[in-house]
Amino acid sequence: MEKKKVENVIAPVEFRMEKASQVDITKLGNFEMVEAFIKAEVAKAKKLKLNAVNLELLKKSKSLFVSLRRAVDKEKKRWSDENLRPVKDNLDKKCAELQTAIALGENHLNEQIKIHEEKVREQKTVIFREYIAEFQEEYKLPEEELAKVILKEEYFNVTKKEKDVHNDILSQFTQLKAALTEKIESEKAIREACEGTVLNPDTFLEKLQFKSAIAVLNEINTEKQRLSNIQSEEVSEDDLGEFLGSDDKITIGKAPSAGVFGVTKVTKKLIIEYDKSQAELLTKFFTDNKISVRFL
């Protein structure tokens, strides 16, 4: 499938242009006469020294030189437009005609080569997709992960070897499989860490998008420790009585443990509003029913 390198072909006909005949510019204009006049005026100007009465004379002399400078530039442009521009325009026109003729042949061949390259690309695509199917049989990636395997543009380069493409596609599969395995194991570890607690594992699973599994597990352990510390705080009988507004000493009962008489311990957070006169009644309710109470 490797493409043979095509040697550059040199056209047997060489495009050349002869050197243009030299033109004696001095014979096309009165350079010498104008130059002599300018030199004479320069000599006069150098003799002028500014004093209280000759400022206008200096300005008049300067105006003469400005006029000469503009006249030279104007005549140069006029002559170039009339004599040099037609030559350049004709040169551009003739070369453009040659380029147009060349493009007719070159563009046709480009189209033919493009058709061939597209056929080769289609053939390579079939082979590369066979590699993907082959590796999928072994790795069995979910559709979502399989869609991440791509045919890179570099695979279709003329210099790219088929063996290198095969190995690169394999590398994509191994990387995706490793990442998927790590994700599954991380999710399993997070669910197990949250099991038996009030923590919602889905909340922590979402954090895997921007945190490592170790960081999330550490966060879970920190939260579990915090909840454990809260649960372990005991409310004394006097504290409960004082909290509820009762002056009587209260005996706090313990909630039945799980499995006793088929009762399972349940923890709820409640906000209770009551009048101070109801404090004793509320306290009696807690103690008689062996309801464990703790401050938050």
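The structure presented is a predicted model; accordingly, all values stated were derived computationally and were not measured.
Residues Ile132 and Gln172 fail the side-chain proximity criterion, which asks for heavy atoms closer than 4.5 Å. Thr125 places none of its side-chain heavy atoms less than 4.5 Å from the side chain of Tyr155. Taking 4.5 Å as the limit, every side-chain heavy atom of Gln225 sits out of range of all side-chain heavy atoms of Asn221. Side-chain contact between Phe135 and Thr174 is absent, with no heavy atoms from C-beta onward closer than 4.5 Å. Taking 4.5 Å as the limit, every side-chain heavy atom of Thr197 sits out of range of all side-chain heavy atoms of Leu227. Side-chain contact check for Val34 versus Ile38: some heavy-atom pair is nearer than 4.5 Å. A heavy-atom distance below 4.5 Å is found between the side chains of Lys94 and Asn90.
Annotation: Arg70, atom CZ; neighbour count of heavy atoms from other residues, nucleotides and ligands within 6.0 Å does not exceed 12. Residue-environment remark: CD (Glu137) stays at or below the threshold of 12 foreign heavy atoms within 6.0 Å. By the neighbour-count criterion of 12 heavy atoms within 6.0 Å, atom CD of Glu144 is sparsely surrounded, having that number or fewer from other residues, nucleotides or ligands. By the neighbour-count criterion of 12 heavy atoms within 6.0 Å, atom CD of Glu182 is sparsely surrounded, having that number or fewer from other residues, nucleotides or ligands. Applying the 6.0 Å contact sphere to CD1 of Ile214 captures no more than 12 heavy atoms from other residues, nucleotides or ligands.
For the pair Glu145 and Lys148, the salt-bridge criterion is met [side-chain N within less than 4.0 Å of a carboxylate O]. A salt bridge is defined here as a Lys NZ or Arg NE, NH1 or NH2 lying under 4.0 Å from an Asp or Glu carboxylate O, and Glu118 with Arg121 fails to meet this definition. Ionic pairing of Lys39 and Glu35 is present here: one or more N-O contacts between side-chain nitrogen and carboxylate oxygen are shorter than 4.0 angstrom. In this structure, Asp73 does not pair ionically with Arg69, as no charged nitrogen and carboxylate oxygen lie closer than 4.0 Å. Taking a cutoff of 4.0 Å between a charged side-chain nitrogen and a carboxylate oxygen, Glu111 and Lys114 do not qualify as a salt bridge.
Cys194 pairs in a side-chain contact (heavy atoms from CB on, under 4.5 Å) with only one of the listed residues (Leu199, Leu205, Asn200), which is Leu199.
Minimum interatomic distance between Ser61 and Leu48 (heavy atoms only, all atoms of both residues): CB-CD1, 4.0 Å. The two residues Ala213 and Ser186 come nearest to each other via the heavy atoms CB-OG, 3.2 Å. Summarising the geometry of Met33 relative to Asn30, their closest heavy-atom pair is CE-ND2, 3.0 Å, with the distance given to 0.1 Å. Annotation for Leu141 and Gln136: closest pair O-NE2, 2.7 Å, computed over non-hydrogen atoms. The two residues Ile220 and Ala193 come nearest to each other via the heavy atoms CG2-CB, 3.9 Å. In this structure, Ile25 and Phe31 approach most closely via the heavy-atom pair O-CE1, 3.2 Å.
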Less than 3.5 Å apart, which donor and acceptor atoms pair up between the side chains of residues 16-24 and the rest of the protein, not counting sequence neighbours?
residue, atom, partner, partner atom, Å
Asp24, OD1, Thr26, N, 3.2
Asp24, OD1, Thr26, OG1, 2.5
Asp24, OD2, Thr26, OG1, 3.4

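Listed by first then second residue, pairs satisfying salt bridge (Lys or Arg N to Asp or Glu O under 4.0 Å) with a partner in residues 44-53 read Glu41-Lys44, not counting sequence neighbours. Judged as a salt bridge (Lys or Arg N to Asp or Glu O under 4.0 Å), the pairs with a partner in residues 163-174 (not counting sequence neighbours) are, in order, Lys152-Asp168. Residue pairs satisfying the salt bridge (Lys or Arg N to Asp or Glu O under 4.0 Å) criterion with at least one member in residues 195-221, sequence neighbours excluded, are listed as follows: Arg191-Asp202, Lys207-Glu219, Lys211-Glu219.
Without hydrogens or angle criteria, Asn51 side chain to Asn54 main chain gives a donor-acceptor distance under 3.5 Å. Checking side-chain atoms of Thr181 against main-chain N and O of Lys177 turns up a donor-acceptor pair under 3.5 Å.
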Q: Quick one: do Glu75 and Arg78 satisfy salt bridge (Lys or Arg N to Asp or Glu O under 4.0 Å)? Show the steps, please.
A: CA-CA 5 Å; Glu75 182 61 12; Arg78 182 199 66 77; 2.5 Å; yes
Q: Before giving the answer on side chain to side chain contact (heavy atoms under 4.5 Å, CB included), spell out for Val216 and Phe210 the whole-Å C-alpha distance, their side-chain angles and the decisive distance to 0.1 Å.
A: CA-CA 10 Å; Val216 175; Phe210 48 88; over 6 Å; no
Q: Carefully, step by step, assess Leu176 and Tyr139 under the rule side chain to side chain contact (heavy atoms under 4.5 Å, CB included).
A: CA-CA 9 Å; Leu176 288 170; Tyr139 287 87; over 6 Å; no
Q.
Apply side chain to side chain contact (heavy atoms under 4.5 Å, CB included) to residues Leu58 and Lys62 and explain how you reach the verdict.
A. CA-CA 6 Å; Leu58 264 69; Lys62 176 187 173 184; over 6 Å; no
Q: Assess whether side chain to side chain contact (heavy atoms under 4.5 Å, CB included) is satisfied between Leu208 and Ile190, documenting all intermediate values.
A: CA-CA 10 Å; Leu208 283 176; Ile190 288 172; 3.8 Å; yes
Q.
As a quick check of understanding, evaluate salt bridge (Lys or Arg N to Asp or Glu O under 4.0 Å) for Arg226 and Glu223, giving each step before the final call.
A. CA-CA 5 Å; Arg226 187 185 71 82; Glu223 185 63 14; 2.7 Å; yes
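Legend: residues meeting ring pair (Phe, Tyr, Trp, His ring centres under 6.0 Å) with Tyr131, ordered by chain and number and at least two apart, are His166. Phe156 meets the ring pair (Phe, Tyr, Trp, His ring centres under 6.0 Å) test with Phe128; sequence neighbours excluded.
To the nearest 0.5 Å, atoms CZ (Arg129) and CG (Leu151) are separated by 5.0 Å. In this structure, CD in Gln99 is found 11.5 Å from CG in Asp92, a value given to the nearest 0.5 Å. A distance of 12.0 Å separates CD in Glu187 from CD in Glu192, rounded to the nearest 0.5 Å. The NE2 atom of His108 sits 10.0 Å away from the CD1 atom of Ile113 when rounded to the nearest 0.5 Å.
Under 3.5 Å, the side chains of Ser171 and Gln175 contain a donor-acceptor pair of N or O atoms.
Under the 4.5 Å side-chain heavy-atom criterion for grouping Ile, Leu, Val, Met, Phe, Trp and Tyr, Phe37 is not connected to Val66 through any hydrophobic cluster. Leu57 and Leu64 are members of different hydrophobic clusters when ILVMFWY side chains are connected at heavy-atom separations under 4.5 Å. Transitive grouping of hydrophobic side chains (ILVMFWY, heavy atoms separated by less than 4.5 Å) brings Ile127 and Val149 into a common cluster.
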